[in-house]
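Structure first, commentary second.
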Amino acid sequence: MSMNDVASNDEAASGPRRHNGPISRRLLAIARTVRSEEPSVGELFDRLESEGLGLTLLLLTLPALIPLPGPFGMVFGTFVALVALQILFGAERLWLPQTIRQRPVPQRLLRKVIRAGLDWAGYAERGLREDRLAWLTGRTARMLLALPLLLMAVTIILPIPMGNVMPALALIAASIGFMAADGLAVLVSMLIAMAAVVWTAVLLYTGAAAADYAAMLLARLAVHLRAMLESVGVDLGFAAGVSTVFAVAAGLAALAFWIQAVRHRRSRRTSLDAVPDARERSRAVARRNRGLLTAASLATAAAAIFLATRFMLTGWI
């Protein structure tokens with residue numbers, strides 16, 4: 001099936017009113033204009049032109065919505081910062097290394113992305129209007145607005161609990177505004193960005209106070225734990241060694257469960273093909289995935305507890 005067939009099928013199934021917004025039209029334009037069986041990544045972004053910058057910001061920001069510090073914020077925040085730097089220096093199209101530009105995009109994956117994007121755009125476009133406050137979506141405006149976008153990316157990179165959400169929302173609003181050429185959405189993103197700066201400052205202040213309080217509590221707990229073990233004649237070195245063994249065992253178990261969870265996520269479609277009912281297949285996949293994730297999380301927590309106990313027994317806390 002060619003991309004032209006995808007475009008015509010989506011339009012016929014969804015009706016003309018649903019996909020007449022600016023983002024939907026651009027997605028359908030990709031389906032119509034890309035004619036090769038496996039278009040390259042560079043070919044897709046060349047078709048999007050400047051809207052590809054907004055689409056890239058959107059795709060990279062969505063995983064950063066996870067409200068926990070860690071690899072998601074650091075990795076995707078770094079990529080968002082690289083895109084913001086390109087916008088800052090006046091890029092009209094997304095620059096990608098040649099090796100990435102030449103990679104083919106599977107036709108099946110592209111169809112699914114376009115269909116999912118059309119469903120999402122049907123909701124997102126309800127409040128959008130093309131060419132509203134257009135001066136906020138031009139090249140010069142994008143270059144000026146890239147500075148707060150870069151600041152939001154740096155904020156996402158910082159390991160601040162609950163610090164990803166508001167900067168990510170600002171980036172999502174900006175990316176939608178750029179894709180739809182709606183300056184009001186871009187203006188809203190700047191307002192959210194200002195609120196995100198205030199929110200991050202509050203989190204830094206309260207986080208520092210909470211960290212000091214938690215450190216004080218752990219120090220007291222360590223003193224009481226050592227005193228209790230010494231009172232019953234337990235050697236602290238031996239107890240620390242036992243805690244280390246349990247921490248290593250729990251860590252290895254956690255690693256095994258996480259690997260299994262990742263493998264299950266990749267192979268879940270083929271492993272459950274024997275189940276005829278699609279809904280039952282989806283439920284079975286969800287149950288298995290939840291079980292693996294729960295086991296991995298519990299093992300990770302156990303490893304952290306045993307490791308903290310070891311530090312308390314050796315006087316590091």
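Note that this is a predicted model, so its numbers are computed, not measured.
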Run the side-chain donor-acceptor check on residues 236-245: report pairs under 3.5 Å with partners two or more places apart or on a different chain.
{"residue": "Ser243", "atom": "OG", "partner": "Ala239", "partner atom": "O", "Å": "3.1"}
{"residue": "Thr244", "atom": "OG1", "partner": "Ala240", "partner atom": "O", "Å": "2.8"}
{"residue": "Thr244", "atom": "OG1", "partner": "Arg310", "partner atom": "NE", "Å": "3.2"}

Discussion item. If the condition is side-chain contact (heavy atoms from CB on, under 4.5 Å), which residues does Met216 pass it with, not counting sequence neighbours?
Written reply: Tyr213, Arg220
If I take atom [atom1] from residue [X] and atom [atom2] from residue [Y], how far apart are they, to the nearest 0.5 angstrom?
X	Y	atom1	atom2	answer
Leu229	Asp235	CG	CG	10.0 Å
Met74	Ile156	CE	CD1	13.0 Å
Leu85	Phe89	CG	CZ	6.0 Å

Discussion item. Test of understanding: with side-chain hydrogen bond (donor to acceptor under 3.5 Å, both in side chains), list the residues that count as partners of Thr78, not counting sequence neighbours.
Written reply: none
Practice prompt. Identify, with sequence neighbours excluded, every residue that meets side-chain hydrogen bond (donor to acceptor under 3.5 Å, both in side chains) alongside Arg139.
Written response: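 Once residues adjacent in sequence are excluded, the partners of Arg139 under the side-chain hydrogen bond (donor to acceptor under 3.5 Å, both in side chains) criterion are Glu92.
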Item to complete: Check the pair Leu158, Leu204 against side chain to side chain contact (heavy atoms under 4.5 Å, CB included), reporting the backbone distance first and the verdict last.
Response: CA-CA 10 Å; Leu158 296 176; Leu204 286 174; 5.6 Å; no
Discussion item. Side chain to side chain contact (heavy atoms under 4.5 Å, CB included) for Ile87 and Leu145? Distances and angles first, verdict last.
Written reply: CA-CA 9 Å; Ile87 298 175; Leu145 296 174; over 6 Å; no
Worksheet entry | salt bridge (charged side-chain N to carboxylate O under 4.0 Å, His left out) pairs, two or more places apart, involving residues 170-188 |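 The answer is Arg132-Asp182.
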How close do [X] and [Y] get, counting heavy atoms only, and between which atoms?
X	Y	value
Ala168	Thr61	O-CG2, 3.3 Å
Ala253	Ala299	C-CB, 4.2 Å
Gly183	Leu136	O-CD1, 3.3 Å

Identify all side-chain donor-acceptor contacts of residues 169-179 below 3.5 Å with residues at least two apart in sequence or on another chain.
{"residue": "Ser175", "atom": "OG", "partner": "Leu171", "partner atom": "O", "Å": "3.2"}
{"residue": "Ser175", "atom": "OG", "partner": "Ile172", "partner atom": "O", "Å": "2.7"}

Worksheet entry | Stepwise side chain to side chain contact (heavy atoms under 4.5 Å, CB included) test for Met312 and Leu221 | CA-CA 8 Å; Met312 287 190 290; Leu221 179 61; 4.1 Å; yes
With ILVMFWY side chains joined below 4.5 Å, transitively, what does [X]'s cluster contain besides itself?
X	answer
Leu293	Trp258
Leu144	none
Leu252	Val248

Would you be so kind as to tabulate the donor-acceptor pairs closer than 3.5 Å made by side chains of residues 146-154, with sequence neighbours excluded?
none

Worksheet entry | Set of residues satisfying ring-ring contact (aromatic ring centres under 6.0 Å, His included) with respect to Phe246, sequence neighbours excluded | Phe306
May I have the list of side-chain donor-acceptor pairs in residues 184-203 shorter than 3.5 Å, sequence neighbours left out?
{"residue": "Ser189", "atom": "OG", "partner": "Val186", "partner atom": "O", "Å": "2.4"}
{"residue": "Trp199", "atom": "NE1", "partner": "Met162", "partner atom": "O", "Å": "3.3"}
{"residue": "Thr200", "atom": "OG1", "partner": "Ala196", "partner atom": "O", "Å": "2.8"}

